[in-house]
Amino acid sequence: MRLLKDLVRPNIWNLKPYSSARDEFHGAASVFLDANENPYPPTSGMPVNRYPDPMQWTLKQQLAKLKDIAPEYIFTGNGSDEAIDLIIRTFCEPSRDNVVSIAPTYGMYEVMADVNNVKYKKVPLGKDFKLDAETVLHAVDEQFTKVIFLCSPNNPSGNLLDREQIFRILKYFDGIVVVDEAYIDFADTLSFTRRLLDFPNLIVLQTLSKAWGAAGIRLGMAFASEEIIAILNKVKYPYNVNLLTQQCVLEILQHEELKNAQVNEILSERSRLESAFRELPFVRRVYPSDANFILVAVNDANAVYSYLINNGIVVRNRNNVAFCEGCLRITVGTPDENTAMLETLKRYFGIFA
Ligand SMILES: *Cc1c(COP(=O)(O)O)cnc(C)c1O
């Protein structure tokens with residue numbers, strides 16, 4: 001890995017971060033006249049008049065226990081989308097540096113690169129959406145590629161990327177490698193967080209938005225070396241995770257067994273859907289999934305998509321996405337929702353095929 005100082009933008013490296021009132025005071029006190037807050041809540045029973053902990057320590061201590069990672073290795077943000085933006089802003093000099101990613105993959109890497117005026121280089125995955133480390137490394141230019149984004153299990157293809165190929169990229173690329181594990185709970189594999197000490201250039205992203213059932217509260221996590229986390233913390237908004245979210249997460253983390261039960265049900269529904277899709281005559285291909293969605297290639301994806309919409313069922317049309325032509329991405333829902341979708345699809349065959 002290049003020296004962190006040579007990877008981080010000089011203005012960020014030299015940045016003196018904003019210091020909030022809640023950053024400066026540590027200890028016990030009973031009178032808080034330091035942050036220009038209203039001493040009264042907006043209405044009774046809604047104690048939101050105080051600023052939240054800017055570093056989210058209580059929450060990180062719980063996450064640390066759950067993930068078996070020290071709190072100093074954890075960044076929490078307003079969804080993992082915040083972390084994606086922060087990583088690009090921290091490492092990539094606009095209109096000079098670039099990031100490399102795979103295709104197809106999660107759309108936010110490219111959007112965040114575009115927002116930051118950072119060139120985004122796409123490397124097509126191979127047959128069956130397989131990752132080839134050499135092809136990715138070949139797209140890297142020595143000086144200006146600062147970050148490689150990998151997503152495993154990958155969205156929208158649903159497959160885990162080959163671990164050995166990811167290790168090759170971590171080993172032979174001297175910049176930052178992001179492994180986005182938004183769907184890790186649905187996959188039968190170990191998290192890359194286990195390898196943070198082996199690879200100082202690794203950043204792992206996870207989220208409460210998928211398996212944990214908490215997309216509405218916006219809580220994303222980045223795991224990396226203490227040095228990288230300290231820099232992300234310097235760049236983030238001081239109060240990037242609001243009080244309600246912090247409280248809600250503490251409650252959610254108490255119910256890991258419920259998350260596990262839901263994941264198990266989703267996994268068994270995923271197998272049911274995979275088999276059922278294979279029986280549909282207009283389905284050309286069902287891609288194997290390690291996530292909570294299935295990518296399906298069909299005859300006339302736009303027609304199937306509109307037909308489902310007309311029946312009140314929304315799936316994701318990926319027909320216009322490069323390397324996903326003819327594909328719909330279908331999230332695994334409740335057993336009833338899945339049955340309704342399958343019954344509707346069977347009728348499509350009766351009507352049109
Ligand atoms: C859904 C998803 C996320 C989650 O983003 P949040 O901002 O945490 O909700 C991140 N990465 C990928 C690949 C996703 O599909």
Side-chain angles (χ1 to χ4, degrees), residues 17-87 90 181-182 184-185 191 193-194 196-197 203-260 262:
Y18 175 76
S19 182
S20 66
R22 289 296 117 85
D23 273 325
E24 289 183 2
F25 173 79
H26 297 280
S30 55
V31 180
F32 288 97
L33 305 176
D34 57 344
N36 299 347
E37 298 149 334
N38 188 328
Y40 306 109
T43 181
S44 66
M46 197 191 276
V48 295
N49 52 314
R50 300 294 178 183
Y51 279 102
D53 173 6
M55 293 297 286
Q56 303 106 25
W57 282 120
T58 315
L59 195 158
K60 284 179 189 171
Q61 273 154 11
Q62 292 308 311
L63 286 171
K65 274 192 235 161
L66 181 77
K67 304 282 177 186
D68 194 21
I69 298 171
E72 293 77 16
Y73 288 69
I74 306 175
F75 164 88
T76 46
N78 187 349
S80 24
D81 289 345
E82 181 185 2
I84 295 167
D85 182 34
L86 280 179
I87 291 165
T90 295
E181 294 186 335
I184 186 77
D185 297 85
S191 167
T193 53
R194 298 281 124 247
L196 284 171
L197 295 180
I203 302 179
V204 179
L205 301 182
Q206 293 184 6
T207 178
L208 295 196
S209 296
K210 306 290 159 59
W212 284 92
I217 63 166
R218 315 302 305 130
L219 198 284
M221 299 159 269
F223 305 94
S225 71
E226 275 185 79
E227 291 77 12
I228 291 177
I229 296 298
I231 295 169
L232 296 181
N233 282 333
K234 202 163 82 151
V235 180
K236 76 179 183 67
Y237 289 167
Y239 304 107
N240 61 326
V241 179
N242 72 69
L243 180 73
L244 301 180
T245 295
Q246 293 192 41
Q247 290 171 343
C248 199
V249 172
L250 291 179
E251 170 80 24
I252 290 169
L253 295 182
Q254 307 277 313
H255 301 282
E256 193 187 8
E257 70 303 327
L258 187 55
K259 184 263 299 178
N260 292 338
Q262 292 173 354

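With sequence neighbours excluded, no residue forms a side chain to side chain donor-acceptor pair (under 3.5 Å) with S80. Residues meeting the side-chain contact (heavy atoms from CB on, under 4.5 Å) test with T245, sequence neighbours left out: I217, L219, V241, N242, V249. Not counting sequence neighbours, the partners of E256 by the side-chain contact (heavy atoms from CB on, under 4.5 Å) test are L66, W212, K259, N260. By the side chain to side chain donor-acceptor pair (under 3.5 Å) test, N78 is found to be paired with no residue, residues two or more places apart in sequence or in another chain being considered. Under the rule for a salt bridge (Lys or Arg N to Asp or Glu O under 4.0 Å), K67 has no partner lying at least two apart in sequence or in another chain. Listed by chain and number, the residues in a side chain to side chain donor-acceptor pair (under 3.5 Å) with D23 are S20 (sequence neighbours excluded). Residues meeting the side chain to side chain donor-acceptor pair (under 3.5 Å) test with N49, sequence neighbours left out: none.
Side-chain contact between R218 and S209: present, with at least one pair of heavy atoms (C-beta onward) separated by less than 4.5 Å.
Judged as a ring-ring contact (aromatic ring centres under 6.0 Å, His included), the pairs with a partner in residues 38-83 (not counting sequence neighbours) are, in order, Y51-Y239. Here salt bridge (charged side-chain N to carboxylate O under 4.0 Å, His left out) pairs that include residues 49-63, with residues two or more places apart or in two chains, are E37-R50. Residue pairs meeting the salt bridge (charged side-chain N to carboxylate O under 4.0 Å, His left out) criterion with at least one partner in residues 221-246, sequence neighbours excluded, do not occur; the list is empty. Residue pairs satisfying the side-chain hydrogen bond (donor to acceptor under 3.5 Å, both in side chains) criterion with at least one member in residues 25-36, sequence neighbours excluded, are listed as follows: R22-D34. Counting only residues at least two apart or in different chains, salt bridge (charged side-chain N to carboxylate O under 4.0 Å, His left out) contacts with residues 205-214 are absent.
Here CD of E82 is found 9.0 Å from CG of L232. Values are rounded to the nearest 0.5 Å. L258 CG to I252 CD1: the interatomic distance, rounded to the nearest 0.5 Å, is 10.5 Å. We find the OG-CD1 distance between S191 and I69 to be 6.5 Å, quoted to the nearest 0.5 Å. Rounded to the nearest 0.5 angstrom, N240 CG and T76 OG1 are separated by 6.5 Å.
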(message) Does D185 form a side chain to side chain donor-acceptor pair (under 3.5 Å) with Q206? I'd like the steps, not just the answer.
(response) CA-CA 10 Å; D185 297 85; Q206 293 184 6; over 6 Å; no
(request) Starting from the C-alpha separation in whole Å, work towards a yes-or-no answer on side chain to side chain contact (heavy atoms under 4.5 Å, CB included) for I74 and Q56. (result) CA-CA 10 Å; I74 306 175; Q56 303 106 25; over 6 Å; no
(request) Decide yes or no on side chain to side chain contact (heavy atoms under 4.5 Å, CB included) for L205 and M221, but give the supporting numbers first. (result) CA-CA 6 Å; L205 301 182; M221 299 159 269; over 6 Å; no
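Open room surrounds OH on Y237; 12 or fewer heavy atoms of other groups in view lie less than 6.0 Å from it.
Across every non-hydrogen atom of A211 and Q262, the tightest pair is O-OE1, 4.3 Å.
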